[in-house]
Amino acid sequence: MSIEELRGCLRTAGGKEALDAAYKLGLMANEEANAILIESLRSPLPNVRNAAALALRDNKVQGAVPVLVEAINNPANSDNRGTLVYALEEMDCGKLFSFLFRLALDSNYECRYKALGILQSRGFWVSDKDVSEAESMLNRYVKSPVRRDDDELLFVELKDVLV
C-alpha cells in the first residue's frame with residue numbers, strides 16, 4: 001500500500017485495519033509517516049488514536065509528545081486515554097512532571113497507574129515550586145470527597161515520588 005492509501009485507511013478503518021495501517025506507517029519510520037501518525041492522534045475514533053499511539057511509541061517519536069498530551073487532555077477522549085499514556089512511557093517526559101502527577105490523581109485506574117509508573121521510573125529534575133504544587137495537589141485530593149477505594153496505596157507511592 002502507498003503512504004496515501006495507509007493514511008486513508010487510518011481515517012476510515014476499523015480495529016485491525018487501522019492497527020495494520022499504523023504498523024506499516026511505523027515501519028516506514030520517516031517524517032511523512034510520522035506526521036500521518038501524529039495527525040491520527042487527533043482522530044475522533046479511539047481505535048485510530050490507539051493504533052497511531054502504539055506505532056509512535058514503538059519508534060519513540062518525541063515529536064508526538066505535545067499531541068499525545070493534547071489528546072490525553074481532550075475531554076472527548078476521557079474514556080479512551082490509557083493507550084495514549086502508555087505511549088508516553090517510551091518518550092522523554094522530563095518536562096511533564098506536573099502533568100503526569102495530576103494525571104496520576106485525576107484519571108481512571110489505567111491512566112493513573114501508567115502515569116505513576118512513568119513518574120517512578122524516570123529521574124525527574126523538578127523545581128521546589130513544582131514539588132510544592134504537587135504536594136498541594138496531593139493534600140487537596142486526600143481531603144477530597146471524590147477519593148476512590150484504591151487511593152491509599154497510590155497516595156503512598158505519590159508521596160515517595162516527591163522525596
Any idea which heavy atoms bring [X] and [Y] closest together, and the distance?
{"X": "A22", "Y": "A52", "answer": "CB-N, 4.0 Å"}
{"X": "F97", "Y": "A134", "answer": "CE2-CB, 4.0 Å"}
{"X": "A115", "Y": "V85", "answer": "N-CG1, 3.9 Å"}
{"X": "N74", "Y": "A76", "answer": "OD1-N, 2.9 Å"}
{"X": "L88", "Y": "L68", "answer": "CD2-CD1, 3.9 Å"}
{"X": "A104", "Y": "L116", "answer": "CB-N, 4.3 Å"}

Strictly below 4.0 Å, N to O, side chains only: are [X] and [Y] in salt-bridge contact?
{"X": "D20", "Y": "K16", "result": "yes"}
{"X": "R102", "Y": "E133", "result": "no"}
{"X": "E110", "Y": "R81", "result": "no"}
{"X": "R42", "Y": "E70", "result": "yes"}

[X] side chain to [Y] main-chain N or O, any donor-acceptor pair under 3.5 Å?
{"X": "N59", "Y": "A29", "value": "no"}
{"X": "E5", "Y": "S2", "value": "yes"}
{"X": "S132", "Y": "D128", "value": "no"}

Are [X] and [Y] close enough that some pair of their side-chain heavy atoms sits under 4.5 Å apart?
{"X": "N73", "Y": "F99", "result": "yes"}
{"X": "K114", "Y": "Y109", "result": "no"}
{"X": "I3", "Y": "M28", "result": "yes"}
{"X": "V65", "Y": "C93", "result": "no"}
{"X": "K159", "Y": "L138", "result": "yes"}
{"X": "L41", "Y": "V48", "result": "no"}
{"X": "L162", "Y": "F101", "result": "yes"}

Q: Run the numbers on E32 and E4 for side-chain contact (heavy atoms from CB on, under 4.5 Å), then give the verdict.
A: CA-CA 10 Å; E32 185 178 6; E4 285 307 315; 4.0 Å; yes

Q.
If we count only N and O atoms by modelled type, under 3.5 Å, do the side chains of R49 and N77 hold a donor and an acceptor together?
A. yes

Distance (rounded to the nearest 0.5 Å) between [X] [atom1] and [Y] [atom2]:
{"X": "D79", "Y": "N108", "atom1": "CG", "atom2": "CG", "answer": "7.5 Å"}
{"X": "L6", "Y": "M1", "atom1": "CG", "atom2": "CE", "answer": "5.5 Å"}
{"X": "L37", "Y": "D58", "atom1": "CG", "atom2": "CG", "answer": "10.5 Å"}
{"X": "L56", "Y": "M91", "atom1": "CG", "atom2": "CE", "answer": "6.0 Å"}
{"X": "K24", "Y": "L19", "atom1": "NZ", "atom2": "CG", "answer": "11.0 Å"}
{"X": "L103", "Y": "C111", "atom1": "CG", "atom2": "SG", "answer": "5.5 Å"}

